[in-house]
Amino acid sequence: ETLYYSLTSTGSNLPSVTYISPNPTNVGNSVYIYGQNLSTTNYLIYNTNAGSTSLIYPTNVANSLIQFVVPSNAATGTLTVVGPNYHVIT
């Protein structure tokens, strides 16, 4: 199944997401989220194919990049980037 993700804007003084690549993608692929102030990301919340949400932990986090592997139960939808004091919807 090809998965699509969408972007929405964020508030001021929060991490910001510029784009996601590749988008669309497939289960098992590495995905990169690019932006600014992303280095404090703890995990992502994603939609599952069972209609619920679940957590995924990034494989790489830097100030301008989050990398993760698309889990086998992922579904098309939003990703929420979660850090110590923020949630950024992508």
Kindly compute the distance separating [atom1] ([X]) from [atom2] ([Y]), expressed to the nearest 0.5 Å.
X	Y	atom1	atom2	answer
I20	F68	CD1	CZ	6.5 Å
N49	S72	CG	OG	7.5 Å
S30	N60	OG	CG	9.5 Å
N42	L55	CG	CG	10.5 Å

By side-chain hydrogen bond (donor to acceptor under 3.5 Å, both in side chains) - contacts of [X] (at least two apart):
X	result
T48	S52
N63	none
Y32	Q67

### Query
Y46 and side chain to side chain donor-acceptor pair (under 3.5 Å): which partner among N73, T76, T53?
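The option that passes is N73.
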
### Task
Please answer: with hydrophobic residues joined when any side-chain heavy atoms are less than 4.5 Å apart, are L38 and V31 in the same cluster?
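Hydrophobic grouping puts L38 with V31.
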
### Query
Is it true that Y57 and V82 fall in one hydrophobic cluster, defined by side-chain heavy atoms closer than 4.5 Å?
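Yes, same cluster.
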
#### Entry: Beyond-backbone contact of P71 with V27, side-chain heavy atoms, under 4.5 angstrom
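P71 does not reach V27 side chain to side chain.
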
### Query
Are the side chains of N26 and V70 in touch, meaning some heavy atoms are under 4.5 Å apart?
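No, too far: nothing below the 4.5 Å cut-off.
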
#### Entry: side chain to side chain contact (heavy atoms under 4.5 Å, CB included) evaluation trace for S21 with Y34
CA-CA 8 Å; S21 179; Y34 296 93; 4.1 Å; yes

### Query
For the side chain to side chain contact (heavy atoms under 4.5 Å, CB included) test, which of I56, I66, I33, I45 pairs with L79?
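For L79, the side chain to side chain contact (heavy atoms under 4.5 Å, CB included) check succeeds only for I33.
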
